[in-house]
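Scope of the values below: all heavy atoms of this structure, side chains included, with no hydrogens, waters or symmetry mates. The structure displayed is predicted, hence computed values, not measured ones. Here is the naming used below: chain letters follow the sequence lines, and residue numbers restart at 1 for every chain.
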2 protein chains.
Amino acid sequence: MTLDGPGTRSRATLTSLAAELGLHVSTVSRALSGDPGRVSATTVESVRRLAEQRGYRSNLTARALRTGRSSVVGMLVPRLTDEVLATVYEGVDLASMEADYVTLVANTLDDADLREQRVDLLLGRQVDGVILADSLLGSNAADRLDKAGVPYVLALRCLPTGLNVGTDDLLGGRLAAEHLLSLGHRRIGVIAGEDRASTGVERARGFLDACAEAGIAIPEHAVVPCRFSVTEGARAAAVLLDAAPDVTAIFAASDNVALGAVGTLRERGLSVPDDVSLVGYNNLPMAASMPVPLTSVDSRLVEVGRGAMAALLDLLDGGRPSSLRLAPELVVRASTAPPRA
Amino acid sequence: MTLDGPGTRSRATLTSLAAELGLHVSTVSRALSGDPGRVSATTVESVRRLAEQRGYRSNLTARALRTGRSSVVGMLVPRLTDEVLATVYEGVDLASMEADYVTLVANTLDDADLREQRVDLLLGRQVDGVILADSLLGSNAADRLDKAGVPYVLALRCLPTGLNVGTDDLLGGRLAAEHLLSLGHRRIGVIAGEDRASTGVERARGFLDACAEAGIAIPEHAVVPCRFSVTEGARAAAVLLDAAPDVTAIFAASDNVALGAVGTLRERGLSVPDDVSLVGYNNLPMAASMPVPLTSVDSRLVEVGRGAMAALLDLLDGGRPSSLRLAPELVVRASTAPPRA
DNA sequence: GACGAGTTGCCAAACGTTTGGTTCACTTGC
DNA sequence: GCAAGTGAACCAAACGTTTGGCAACTCGTC
């Protein structure tokens with residue numbers, strides 16, 4: 001049971017320290033600041049000692065009010081139960097912690113109204129900047145932030161215009177294609193991402209481009225669009241297998257989708273990788289620990305998060321960071337093998 | 001590319017509205033407050049209209065400084081990439097949003113030093129209260145919060161002392177046991193949770209108690225402790241099958257662990273549910289969408305989050321909420337069946 | 001011993017709210 | 001017609017910082 005009421009002893013404040021030391025509050029403030037230019041070394045020392053002793057901690061609220069900077073950044077995500085976003089968040093959080101910032105997440109649940117509400121919420125909280133990790137193509141969140149003069153960075157997804165940090169999804173798709181082609185697969189199906197999300201579109205395009213360059217045509221009916229979820233993956237795999245039952249390999253635009261596909265394959269008595277090879281995307285921890293470990297394209301999500309936060313911090317410092325596109329890496333596991341002779 | 005520099009027009013403030021209306025700032029403040037008791041209806045009307053027009057939004061920082069309440073609650077979790085915690089967070093977030101609060105998450109990565117640092121961070125940010133969802137038994141975060149006079153609620157995990165909100169893990173274990181027993185299973189293995197976490201311990205105990213009451217003894221070697229991850233689940237399942245190869249059913253203390261177990265079973269040529277029935281815990285979305293849909297105990301994670309936040313809000317309002325223990329529900333799917341004749 | 005430079009610390013204003021106290025005019029009751 | 005009561009607005013202080021300006025004091029130098 002916690003005690004109600006305020007803390008027993010009220011927290012030490014700049015003013016209380018000043019009083020105790022017989023100094024002026026401004027002197028104390030400077031003594032504790034990063035650059036105690038105008039105060040003597042001995043004073044600095046005594047102030048710091050007392051501060052330590054009293055457990056003084058700067059009141060960030062007051063500081064924010066005075067300086068106009070809250071040291072809070074917002075992050076918009078569809079939902080954190082999506083492990084992809086949670087992983088990006090982890091990177092963002094790490095980087096912001098190092099910079100003494102704090103990250104305020106807001107779930108938009110991919111709902112336009114809710115997103116607006118959430119943006120307002122963040123703006124109301126005086127965030128210094130925002131990381132947009134939910135921006136489907138055509139989102140208007142960016143406009144609103146522009147209008148409010150709050151800088152932002154797009155993470156993972158990307159908009160034609162705007163500063164964005166992500167992995168090269170075209171290249172990722174290409175890596176997957178080259179892997180399957182080099183194993184000897186020729187009849188390949190693709191479970192593409194959502195049409196609305198730049199990620200899924202580009203992964204599929206990279207894959208198809210690479211196939212085309214190798215002289216392998218993927219018929220249109222072997223490319224099935226799909227939302228990023230396990231159940232959707234299962235459904236899309238069924239559609240794919242109905243339309244192109246002779247495929248020997250499938251590229252799924254996300255690990256979740258691949259997991260769903262595994263279920264469908266299994267239902268139909270097809271085994272991975274003996275009957276059908278499978279490549280996922282993102283290389284989430286689950287990829288490594290699936291019953292049949294999944295070959296997957298690592299999209300370096302933590303680094304994307306870190307990079308996005310780094311770019312935002314740069315922006316906040318008046319810099320002009322440029323967009324960053326990390327190179328994905330293929331991680332080969334047991335789910336891919338040469339096609340059956 | 002975002003514009004740097006502050007917003008073009010500086011945000012409307014109480015003072016600017018007052019100036020424009022020729023009113024005193026305090027009058028404007030009251031007019032916009034929830035209970036505009038001391039100001040005439042016509043004034044309220046005109047103030048509200050102008051506020052709307054200028055897009056006024058209260059500066060929460062200033063308000064926090066003045067009132068000493070930040071409308072921010074902190075939440076300590078091991079990590080949000082754990083879907084269980086992410087789901088609880090979702091509940092917390094929903095409830096806090098409804099109450100015009102905002103939730104600041106802090107990952108502790110189950111590291112003692114980091115946890116301390118994070119608690120400090122939250123305290124430094126003047127959070128009004130904290131939800132502890134990472135508290136392993138013996139954590140000292142609670143003490144620190146007590147000392148600082150910041151109220152807190154334990155979610156999911158529970159400490160012998162302290163206000164906590166969770167599901168009844170004893171009952172959950174019991175439900176799983178009753179289900180398997182009623183299907184006719186007699187030789188059952190248990191993959192228990194971590195020893196340090198109250199959840200895992202109680203789930204296993206509830207399960208074993210129910211078995212004992214039914215006259216079925218589970219030998220000690222058929223109970224394997226295990227951390228909550230897929231790979232650990234796979235390992236633990238292997239240990240279990242080595243020690244008790246004749247089990248016809250397995251109860252896993254989490255869905256992730258169950259997923260790991262599926263892999264191990266598969267490797268050994270055992271099929272679910274034909275050879276071995278499997279019950280998971282938490283009923284995450286993945287349970288429903290696994291290749292063989294998993295029977296699982298729904299631990300109502302979103303509601304736990306909501307409940308924890310509700311309790312915290314009550315506490316903040318000076319109430320004396322009591323601990324809450326929700327009843328879990330068994331969701332039967334394809335992974336359980338009567339033992340082979 | 002006066003002067004300039006440098007050092008050290010104090011002063012005061014400001015950030016945008018909230019809120020108890022005060023003022024002032026107007027009604028009301030007798 | 002006057003005291004009391006009431007409704008509506010204003011006033012000012014406070015929350016804890018930060019920061020430009022300023023005063024005082026110390027030194028070295030001529």
When we call it a touch if two heavy atoms are under 4.0 Å apart, what does [X] touch: a base, just sugar-phosphate, or nothing?
| X | result |
| --- | --- |
| B/Leu23 | sugar-phosphate |
| B/Thr67 | sugar-phosphate |
| A/Thr13 | sugar-phosphate |
| B/Ser26 | base |
| B/Thr43 | sugar-phosphate |

| query | Under 4.0 Å: is that the gap between some side-chain N or O of B/Ser40 and OP1 or OP2 of D/dA9? | reply |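 Indeed, a polar side-chain atom of B/Ser40 lies that close.
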Does a donor on one side chain and an acceptor on the other come within less than 3.5 Å for [X] and [Y]?
| X | Y | result |
| --- | --- | --- |
| B/Thr103 | B/Ser96 | yes |
| A/Tyr101 | A/Arg69 | yes |
| A/Arg63 | A/Ser58 | yes |

| message | Please determine whether any donor N or O and acceptor N or O are separated by less than 3.5 Å between the side chain of B/Thr27 and the base of D/dC10. | response |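 No, the side chain and the base share no sub-3.5 Å donor-acceptor pair.
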| Looking at C/dG20, does its base get a donor-acceptor pair with the side chain of B/Arg30 below 3.5 Å? | yes
Roughly how many Å is it from [atom1] in [X] to [atom2] in [N], rounded to a whole number?
| X | N | atom1 | atom2 | result |
| --- | --- | --- | --- | --- |
| B/Arg11 | C/dC15 | CZ | P | 15 Å |
| B/Leu17 | C/dG16 | CG | C1' | 12 Å |
| B/Leu14 | C/dT19 | CG | P | 12 Å |
| A/Asn59 | D/dC15 | CG | C1' | 8 Å |
| A/Leu65 | C/dA13 | CG | P | 17 Å |
| A/Arg69 | C/dC15 | CZ | P | 18 Å |
| B/Leu60 | C/dC15 | CG | C1' | 15 Å |

| field | Listed nucleotide nearest any side-chain atom of B/His24, set D/dA9, C/dT17, D/dA12 | value | D/dA12
| field | N-O pairing of B/Arg79 and B/Asp110 below 4.0 Å | value | no
| request: For B/Asp82 and B/Val84, indicate whether the former's side chain and the latter's backbone hold a donor-acceptor pair under 3.5 Å. | output: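 Yes.
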